[in-house]
Amino acid sequence: MRDADGDDARQGQHADHGEHGREQMAVTKSHDPSRLPMLRRLLGDSRAVLASPNRNARSAVVFGRLLGIAFVICFGTGLFSHFLQDPLPWMRFPTRPTQLYQFTQGLHITAGIAIIPLLFAKLNTVMPALLQDPPVRGPLHLLERLSIAVFVSAAIVQVGTGLVNTYQWYPWPFPFRQVHYALSYVLIGSLVIHIATKLPIIVRYWRARDSYDAEGRFVRDDTVGSELPPYGLAHPASAPYPRGLVGRVMRWVDGAPAASTTGGAEPSRASRPDDESRPGGQDAADPARNLSPEPSLGVRAGRRERIARRGFFAGVAAATAGVVVLTVGQSSKLGEPFNVFAPRQRGRGPAGLPVNRTARAAGVLATATAADWTLTVVGPRLTRTFSRAELVALGMTEVALPISCVEGWSQMARWKGIRMRDLLATVQAEPSSEVRVTSLERHGGYRIMDMGPEYAADPTTLVALELNGATLDLDHGFPARIIAPGRPGVLQTKWIERIEVRS
């Protein structure tokens with residue numbers, strides 16, 4: 001005989017289970033990432049796939065720190081090179097050490113080359129932050145992201161065109177030097193803005209010991225506003241659409257109703273380590289497991305993360321060291337045996353010295369070899385002309401000075417010629433005069449060169465007639481050229497025809 005009350009109870013229990021089951025099915029459907037709106041599913045899945053032990057705020061700070069140092073070095077040495085070529089009226093420059101420009105420009109090019117792998121590593125590290133949900137959180141966040149876009153774009157253009165410039169190849173319609181100079185201010189300005197907006201994160205993760213726990217796992221601190229997802233990212237589907245224009249755009253893309261919001265979502269396990277490997281996972285739930293002689297799962301997970309990070313950093317370090325070592329030989333004698341990829345090889349060229357611009361390219365083959373060539377020296381009250389033989393008769397001095405080009409290569413050489421201050425004395429000009437030197441070239445931005453009084457008065461500044469014990473080669477500036485300490489090669493004017501005292 002059936003118990004009516006029992007049957008009713010069981011029926012009620014079945015009914016409750018049915019309602020509960022339907023609720024569970026509804027929740028499961030709403031939590032299924034495959035049923036999320038298209039845009040949010042794309043953002044969430046992409047961030048989950050990109051989550052990695054290497055992509056955290058500490059790694060971003062380390063690469064950002066190295067990039068910041070390299071960009072500041074390039075900016076400072078670049079300004080020095082720019083103002084040497086286009087000085088302001090009040091500027092005076094040191095002539096000692098004589099290899100100063102060789103050092104600064106070599107450092108400029110080397111640091112610029114080192115930026116290339118570091119920039120790719122930084123972009124790789126912060127890539128998940130580009131896929132935020134929502135993409136923009138407000139006007140200030142929009143400005144921050146725009147400043148990052150400007151910085152990254154300027155950095156890529158600056159480094160890319162600078163690298164191509166070292167090979168003297170200009171496949172663009174704009175003047176390289178002027179654009180390179182202007183972009184340097186854009187780059188440094190956007191870098192300052194970026195550092196200011198990310199300062200809390202930089203301070204928080206500046207030291208490694210504050211960034212990882214005892215097992216080697218990254219310590220996430222949500223109070224500083226890092227936009228990088230943690231390793232083992234849960235699908236961020238539980239957040240509602242943001243308010244305002246961004247939310248309306250996202251709803252329009254997803255085809256969602258105006259009042260629609262996504263429900264709470266069970267995190268997806270895509271690209272996520274097991275819960276047992278996270279703090280508070282199985283090890284915390286079962287303390288007895290920690291008594292095992294085997295390392296805990298949390299410790300093993302920490303080791304795996306540490307190995308992954310160190311492998312990534314080692315790869316970046318090897319790439320950076322590689323590009324530096326294999327190119328620095330163009331400006332450093334120590335690196336000369338390893339100079340594989342640099343556009344210039346030391347010791348190659350006429351008289352064992354490389355040439356940037358040949359006499360044929362300059363269009364001076366006929367005028368530079370003419371028998372009636374003379375050098376005109378114009379003083380404040382007297383003008384004189386000298387043949388090459390008359391210049392030799394004035395008495396020659398030998399000095400050791402480098403040719404240091406803006407493209408980064410440089411090499412020491414022995415030069416012999418007449419001191420500039422002695423030549424100025426022949427036209428009754430003060431040794432510390434500002435002079436203008438004109439080349440036989442008919443075209444080119446450096447056909448006319450102005451030299452400050454600090455260089456004209458220096459005893460190592462010569463009108464050079466010989467190089468490395470032999471008469472100047474035509475491609476090195478025959479019949480006469482300028483050589484001065486601490487100056488870019490483009491200002492060491494070749495094939496000169498006139499020197500004029502300006503003050």
Inspect the surroundings of CZ in Arg348 and state if more than 12 heavy atoms from other residues, nucleotides or ligands are less than 6.0 Å away. no

Begin with the C-alpha distance, continue with both residues' side-chain angles, and end with the deciding distance and a verdict on side chain to side chain donor-acceptor pair (under 3.5 Å) for Ser81 and Tyr101. CA-CA 8 Å; Ser81 180; Tyr101 189 75; 2.7 Å; yes

So, for Leu424 and Pro431, which heavy atoms are closest and what is the spacing to 0.1 Å? CD1-O, 3.8 Å

Let's go through Tyr446 and Gln85 carefully: what are the C-alpha distance in whole Å and the side-chain angles of both, what is the deciding distance for side chain to side chain donor-acceptor pair (under 3.5 Å) to 0.1 Å, and is it a yes or a no? CA-CA 9 Å; Tyr446 296 97; Gln85 298 172 65; 2.6 Å; yes

Considering only heavy atoms from C-beta outward, does the side chain of Arg498 approach that of Val437 to under 4.5 Å? no

Side chains of Thr376 and Ile499: does their closest heavy-atom pair fall under 4.5 Å? no

Which heavy atom of Ser226 sits nearest to which heavy atom of Ala57, and what is that distance? OG-CB, 3.8 Å

Locate the shortest heavy-atom distance separating Pro459 from Arg419; write the atom from each residue and the value. O-NE, 3.4 Å

What I want to find out is whether Asp210 reaches Arg204 closely enough, with some N-O distance under 4.0 Å, to be called a salt bridge. no

Identify whether the distance between the nearest side-chain nitrogen and carboxylate oxygen of Glu390 and Arg384 falls below 4.0 Å. no

Under the criterion side chain to side chain contact (heavy atoms under 4.5 Å, CB included), I'd like the reasoning laid out for Ile482 against Val463: C-alpha separation, chi angles, the key distance, then a yes or no. CA-CA 5 Å; Ile482 297 294; Val463 173; 4.1 Å; yes

Within a 6.0 Å radius of atom CZ on Phe120, are there more than 12 heavy atoms belonging to other residues, nucleotides or ligands? no

Is there a donor in the side chain of Asp475 and an acceptor in the side chain of Thr358, or the other way round, less than 3.5 Å apart? no

Does the pair Arg177/Asp86 count as a salt bridge with the N-to-O cut at 4.0 Å? yes

Side-chain (Ser439) to main-chain (Lys494) donor-acceptor, under 3.5 angstrom: yes

Could you go through Trp409 and Asn356, starting from their C-alpha distance and side-chain angles, then the distance that decides it, and tell me whether this counts as side chain to side chain donor-acceptor pair (under 3.5 Å)? CA-CA 10 Å; Trp409 70 268; Asn356 255 13; 3.1 Å; yes

Is the distance between the ring centroids of Phe151 and Phe71 under 6.0 Å? yes

Can you confirm whether Arg360 is buried at CZ, in the sense that more than 12 heavy atoms of other residues, nucleotides or ligands lie under 6.0 Å from that atom? no

Over 12 non-hydrogen atoms of neighbours within 6.0 angstrom of CD in Glu430: no

Taking side chain as C-beta onward, heavy atoms only, is Arg92 less than 4.5 Å from Pro453? yes

How close do Pro128 and Leu228 get, heavy atom to heavy atom, and via which atoms? CD-CD2, 4.0 Å

If you apply the rule side chain to side chain donor-acceptor pair (under 3.5 Å), what do you find for His141 with Glu227, and how did you get there? CA-CA 11 Å; His141 187 232; Glu227 296 171 340; 2.9 Å; yes

So, Tyr205 versus Tyr212, ring centres under 6.0 angstrom or not? no

Between Trp169 and Tyr167, does the ring centroid distance fall short of 6.0 Å? no

Centroid-to-centroid, Phe83 to Phe93, below 6.0 Å? no

Name all pairs fulfilling the side chain to side chain donor-acceptor pair (under 3.5 Å) condition that reach into residues 152-161, sequence neighbours left out, sorted by first residue then second. Gln158-His180

Between Glu336 and Ser332, do the side chains contain an N or O donor and an N or O acceptor separated by less than 3.5 Å? no

Establish, for the pair Arg388 and Phe478, whether the NZ or CZ atom is under 6.0 angstrom from the six-membered ring centre and no further than 45 degrees off its axis. no

Counting only heavy atoms not in Phe103, do more than 12 fall under 6.0 Å of its CZ? no

Taking the six-membered ring for Trp, are Phe174 and Trp172 parallel (under 30°), tilted (30 to 60°) or perpendicular (over 60°)? parallel

Check Gln411 against Gly347 and note the closest heavy-atom contact, atom names and distance. OE1-N, 2.8 Å

Does the distance from a Lys or Arg side-chain N to an Asp or Glu carboxylate O, for Arg442 and Glu497, drop under 4.0 Å? yes

Any salt bridge linking Glu305 with Arg217? Criterion: basic side-chain nitrogen under 4.0 Å from a carboxylate oxygen. no

In plain terms, say whether Glu466 and Arg414 are close enough for a salt bridge, that is, a side-chain N and a carboxylate O under 4.0 Å apart. no

Output, in order, the C-alpha distance, side-chain angles, deciding distance and verdict of side chain to side chain contact (heavy atoms under 4.5 Å, CB included) for Ile496 and Leu440. CA-CA 6 Å; Ile496 60 176; Leu440 290 170; over 6 Å; no

Less than 4.0 Å between a side-chain N and a carboxylate O, is that true for Arg344 and Glu407? no

Give the minimum heavy-atom separation between Ala60 and Val126, together with the two atoms involved. CB-CG1, 4.0 Å

Side chains of Ile156 and Val152: closer than 4.5 Å at any heavy-atom pair? yes

Cation-pi geometry met for Arg487 and Tyr455 (6.0 Å, 45°): yes

Do you see a donor-acceptor pair shorter than 3.5 Å between the side chains of Ser404 and Gln102? no

Is there a side chain to side chain contact (heavy atoms under 4.5 Å, CB included) between Phe80 and Leu100? Walk through the geometry before answering. CA-CA 11 Å; Phe80 181 66; Leu100 178 62; 3.8 Å; yes

Does the side chain to side chain contact (heavy atoms under 4.5 Å, CB included) test come out yes or no for Ile116 and Val323, once each step is laid out? CA-CA 9 Å; Ile116 296 173; Val323 297; over 6 Å; no

Over 60° means perpendicular and under 30° means parallel, so classify the ring planes of Phe313 and Phe63, tilted if in between. parallel

Using the six-membered ring of Trp206, assess whether NZ or CZ of Arg65 lies under 6.0 Å from its centre and within 45 degrees of the ring axis. yes

Among His194, Arg137, Lys198, whose side chain to side chain donor-acceptor pair (under 3.5 Å) with Glu144 holds? Lys198

